[in-house]
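Have a look at the structure below before the remarks.
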Amino acid sequence: MNVAIIGTGYVGLVTGVCLATKGHLVTCVDQQSSRVAMLQRGETPFFEPGLDTLLRETLASGTFSATADTAAAVADAELVIVTVGTPTTEGGIDLTHLGTALNEIGMALAADDSYRVVVIKSTVVPTTTTRFALPLLEHASGKVVGQGFGLTMNPEFLREGTAVNDFQVPDRIVIGEYDARSGAAVQALYEPYACPKVHTGLSDAELIKYTSNALLATLISFSNEVATVCEAVPGTDVETVMDALHLDRRLSPVVNGRRVTPAILTYLRAGAGFGGSCLPKDVSALRHFGGEHGLSMPLLDAVLTINAARPQQVVDIVHAELGDLRGRSIAILGLAFKAGTDDLRESASLRLAALLLAAGAEVSAYDPIALGYAHNSVDPRIRIANDAPAVFAGSDAVVLMTAWPQFKDWRWGDLTTSMHTAVVIDGRNALRKVEWPSAVRYRTIGTAKAQHAVAAVG
Ligand code: UGA
């Protein structure tokens, strides 16, 4: 099929390139001509494993192209997929970019009599497609939905770092449809993908996306609340508690005599808090949406409150080890919001850095990937180290905040010798199997240090 994709951010580019690998003729549209030029050269504007190779292959095979010309891309397309950003602000979801894109698409639809299907893939709160996108498209195109054009809502479920595989091997494809004709066009687009295709109304499709991310965030905050208990109660350890919890057969069923460990269990682990471009944004947007409808959302309130508190709880552990943090040198290991990505958005590492700086500490940081590709600039007071030895040298404590797998394999005994005081704080419980030299004080999250724990529960 001929497909136009409006917006070449994370979702748009992964969607476009992956659909092009299935033989669809995809044109990705972006307003920024520099980004278009970059894509035409076969360069991806962010780090995503496997994407650059597929981009170059599909460019070479002629199934992928990029342009800044929305009208031309829509003119050639049977399906127009909208993947522009929908950030959450204090006032709820910001539909500015979506409105601009839909207006341009509507005007392009007006240019001829062809029937095309508009696919909203941007994450939007329930009823946005019906109450915002539909009238805007009708107004700009002068056409009537269901007759002059079709309309669907098709949420994405891509994780940064594994987005290509998530797209190519989907769990399910949700097709929210205005009518059967619109839905059938999107069904045809995804014909090469063997997975359940769930046809729903437009608003259900919108809510499925938020429900999915809200559940993940809830599991993480639940685990972190258990960690908070463990941090106050000597003799408890959140890892021991969660390991045993996971063995409940309702969480990890035994099939044909073998225990299956579902990936969802990785979200039932304590850490320094969730981040990224999706979970915080989507939970906030859903909470705000509920508020607008007069609903109290106590669970989502708690999920965000618990998450907001996590970096401070890590600071409390640093403080428990070092005392007054003024003038102390703290090194943060990992700036990306999770391993496998260069994305710093809503990263717990940056929130920790801000808290440490506010406490008067000197902060340095090292990340194996995120620095080279950083989407956002970091506070200039954070000294960025180019390699691991540089971040350890002279520091009073190192705090692991992103569970990059390579950290486990470091020669910790050697690295810690250059520290001023050899304190290692593990904000992700990722280093528990390391054999620590006796000179190193290693502290995990979700465990209590006796003298502070007594104070905390007393
Ligand atoms: C998330 C969802 O997982 C995707 O299904 C969804 O499509 C995407 O948001 C989106 O809305 O676009 P992503 O933000 O890339 O994807 O990240 P996750 O891998 O889910 O990580 C989110 C947070 O959960 C991170 O802070 C991470 O540290 C934490 N996490 C992640 C865990 O605690 N455990 C894990 O196993 C994975």
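Ligands are counted one by one from 1 in listed order, and the atoms in each one are counted from 1 as well. These values consider heavy atoms only, across backbone and side chains, with no hydrogens, waters or symmetry-generated copies.
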Side-chain donor-acceptor pair present, Glu156, Thr15, cut-off under 3.5 Å: no
Under the side chain to side chain contact (heavy atoms under 4.5 Å, CB included) test, residues paired with Thr58 that sit two or more places apart: Val17, Ala20, Thr21, Ser61, Thr63, Phe64
Salt-bridge contact Glu78-Arg116 (side-chain N to carboxylate O under 4.0 Å): no
Partner set under salt bridge (Lys or Arg N to Asp or Glu O under 4.0 Å) for Asp243, not counting sequence neighbours: Arg269
Those protein residues which place at least one heavy atom below 4.0 Å from ligand 1: Glu156, Phe157, Leu158, Arg159, Glu160, Lys209, Asn213, Leu216, Ile220, Thr266, Tyr267, Phe274, Gly275, Cys278, Leu279, Asp282, Phe337, Lys338
Smallest separation among heavy atoms of Ala308 and Arg351, with atom names: CA-NH1, 3.7 Å
Set of side chain to side chain contact (heavy atoms under 4.5 Å, CB included) partners for Ala163, sequence neighbours left out: Tyr10, Val14, Glu48, Leu158
